[in-house]
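Here's the structure, in structure tokens; my notes come after.
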Amino acid sequence: MARPHVAALIEDAVFRRVDRILHGRGWTNRAIGHTGYGNEDWVRVLGRVLLSRPREDADKPAGDHAAASEEELHEAEELQRGWRAFLTAPAIDVPVTVRVGERVVHTRSDRQGYVDVVVSRHGLPEGWHDVEIEPEHATASRGRVQVIGRQARRGLVSDIDDTVMVTRLPRPLIAAYNTFVRREGSRSVVPGMADLYRELLDGDAGAPVFYLSTGAWNTATTLVRFLRRHGYPAGTLLLTDWGPTNTGWFRSGAEHKAQALRRLARELPQVRWVLVGDDGQHDPRTYGDFARQRPDRVEAIAIRQLTPQEQVLSHGLPVPHEQVSGDGAWSRRDTGQVGPAVPVVRAPDGTGLLRLLAGNVLARSGRA
């Protein structure tokens with residue numbers, strides 16, 4: 001095995017030092033359960049173990065689907081500023097017990113406190129289910145998993161920033177302002193996108209939905225509240241971490257998305273995906289490359305067009321690097337589709353994208 005990058009070694013040393021200090025001051029382990037997915041043979045359980053002050057142990061569970069009224073969610077969101085989500089200390093290499101249906105699995109948190117484990121032979125039927133993530137010397141936390149049925153044929157993969165919500169990422173100053181200063185409730189929704197997603201899924205509660213973003217896992221609870229409040233379908237968040245990796249100082253957001261798409265194609269081979277993103281970062285290239293590699297797994301690509309102002313704030317240019325003309329033709333001389341069978345549509349909001357998709361994706365399924 002190759003020696004980890006110096007950035008990862010430095011980060012590990014810092015985290016272990018912080019871990020010892022906080023444990024010495026009485027801090028304890030606390031789990032956060034995220035939303036996982038799988039099928040009737042296996043499920044992928046996602047969560048994280050953090051260190052918290054003893055008084056925090058009495059707080060409500062921080063899982064993605066912790067029960068709360070709309071009023072409580074709204075109040076919590078208005079009071080919480082984004083920077084608080086980043087003041088976390090991971091609990092490193094902690095023994096963790098995961099309970100999924102009939103199975104009990106023992107694992108450990110990784111070098112940044114994350115829990116990512118596949119549990120087989122769980123005995124759960126299709127649908128949504130609670131799971132438990134219990135760190136050593138701590139109370140169990142609830143997470144959720146979606147067991148996707150073998151009859152599922154259409155799924156949705158959506159970017160988050162500038163696709164379902166406007167955050168004007170990734171320009172550093174704007175990103176820092178949105179993440180660390182602004183209140184959660186000040187982020188705005190992209191018009192029509194929730195309606196688009198519901199129409200694409202046509203009320204099928206069993207259809208898989210993945211929100212795939214280069215955003216940090218620290219914002220997961222905030223994102224879930226935002227998506228729920230604005231009527232987006234429930235799904236699994238596939239986020240990343242902004243810190244160093246075993247290979248370098250920074251993670252590649254484009255590679256994170258590409259790896260996730262390849263994994264979904266391998267794990268859920270019966271599903272054809274509608275891929276939704278925006279033209280402010282790498283979504284057109286990432287989605288297009290995946291569609292060329294696996295055209296059998298992509299039903300359509302929908303790209304939200306950013307306004308000129310959003311383009312400037314997103315990457316400093318008045319037009320995207322991979323500009324697409326009004327008829328959907330790519331600057332690389334593609335003609336409105338990737339390969340022989342994957343249509344590409346572009347519009348400034350969900351209403352426009354739905355109108356364009358109704359002419360191909362929904363028409364082919366007999367619902368236009």
Side-chain angles (χ1 to χ4, degrees), residues 32-37 46-48 60-88 128 142-144 146 156-170 174-201 208-242 253 257 276-278 280-281 283 302 304 306 310 313-314 348-351 353:
I32 296 176
H34 296 309
T35 302
Y37 66 95
L46 300 170
R48 197 178 189 190
K60 293 180 179 180
D64 285 354
H65 292 265
S69 68
E70 289 297 320
E71 292 78 15
E72 289 172 329
L73 290 171
H74 178 74
E75 180 181 3
E77 182 168 10
E78 288 303 311
L79 290 175
Q80 181 176 352
R81 290 184 182 271
W83 60 268
R84 295 183 186 276
F86 285 81
L87 295 182
T88 58
W128 290 93
R142 185 181 68 177
R144 294 279 279 173
Q146 182 186 15
L156 176 68
V157 174
S158 172
D159 179 42
I160 296 178
D161 299 319
D162 291 327
T163 299
V164 303
M165 66 162 61
V166 179
T167 54
R168 294 175 175 83
L169 295 171
I174 299 297
Y177 177 69
N178 277 283
T179 300
F180 296 107
V181 180
R182 295 182 70 182
R183 294 184 186 274
E184 295 175 12
S186 64
R187 297 183 174 99
S188 58
V189 66
V190 176
M193 295 302 286
D195 293 335
L196 167 66
Y197 292 1
R198 289 194 297 268
E199 182 65 26
L200 286 172
L201 302 177
V209 179
F210 292 88
Y211 296 98
L212 175 58
S213 173
T214 58
W217 274 110
N218 303 63
T219 64
T221 303
T222 298
L223 294 175
V224 168
R225 284 199 295 262
F226 181 95
L227 295 169
R228 179 166 38 192
R229 189 177 66 249
H230 290 286
Y232 286 95
T236 297
L237 297 184
L238 296 177
L239 307 179
T240 185
D241 189 87
W242 288 357
K257 289 188 174 183
V276 187
D278 64 84
Q281 299 190 53
D283 290 342
R304 184 206 165 213
L306 273 61
E310 289 170 336
L313 291 171
S314 180
D349 55 32
T351 302
L353 290 172

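Every value quoted in this text rests on a predicted model; they were computed, and no experiment measured them.
Residues passing the side-chain contact (heavy atoms from CB on, under 4.5 Å) test with V190, sequence neighbours excluded: V166, M193, R304. With sequence neighbours left out, Y232 forms a ring-ring contact (aromatic ring centres under 6.0 Å, His included) with Y197. Taking D349 as the reference, nothing meets the salt bridge (charged side-chain N to carboxylate O under 4.0 Å, His left out) condition, with sequence neighbours excluded.
In this structure, the separation between OG1 on T219 and CZ on R225 is 10.5 Å, given to the nearest 0.5 Å. F210 CZ to Q146 CD: the interatomic distance, rounded to the nearest 0.5 Å, is 7.0 Å. Distance check, rounded to the nearest 0.5 Å: CG of L306 to CG of D162 gives 5.0 Å. Interatomic distance, M165 CE to L223 CG, rounded to the nearest 0.5 Å: 5.0 Å. Separating the CG atom in L237 from the CG atom in L46 is a distance of 9.5 Å, to the nearest 0.5 Å. Note: T35 OG1 to L238 CG = 10.0 Å, rounded to the nearest 0.5 Å.
You'll find the side chain of K257 reaches within 4.5 Å of the side chain of D283, heavy atoms only. Taking the side chain as every heavy atom from C-beta outward, S158 and T163 approach each other to under 4.5 Å.
Of the possible polar contacts, none joining the R48 side chain to the N218 backbone as a donor-acceptor pair under 3.5 Å is found. With hydrogens and angles disregarded, a donor-acceptor distance shorter than 3.5 Å links the side chain of T236 to the backbone of G36.
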For the pair L239 and I160, evaluate side-chain contact (heavy atoms from CB on, under 4.5 Å) and give the outcome as yes or no after the intermediate values. CA-CA 10 Å; L239 307 179; I160 296 178; 4.2 Å; yes

Given V224 and H34, is the side-chain contact (heavy atoms from CB on, under 4.5 Å) satisfied, shown in steps? CA-CA 10 Å; V224 168; H34 296 309; over 6 Å; no

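Here the shortest heavy-atom pairing between A234 and V209 reads O-CB, 3.8 Å.
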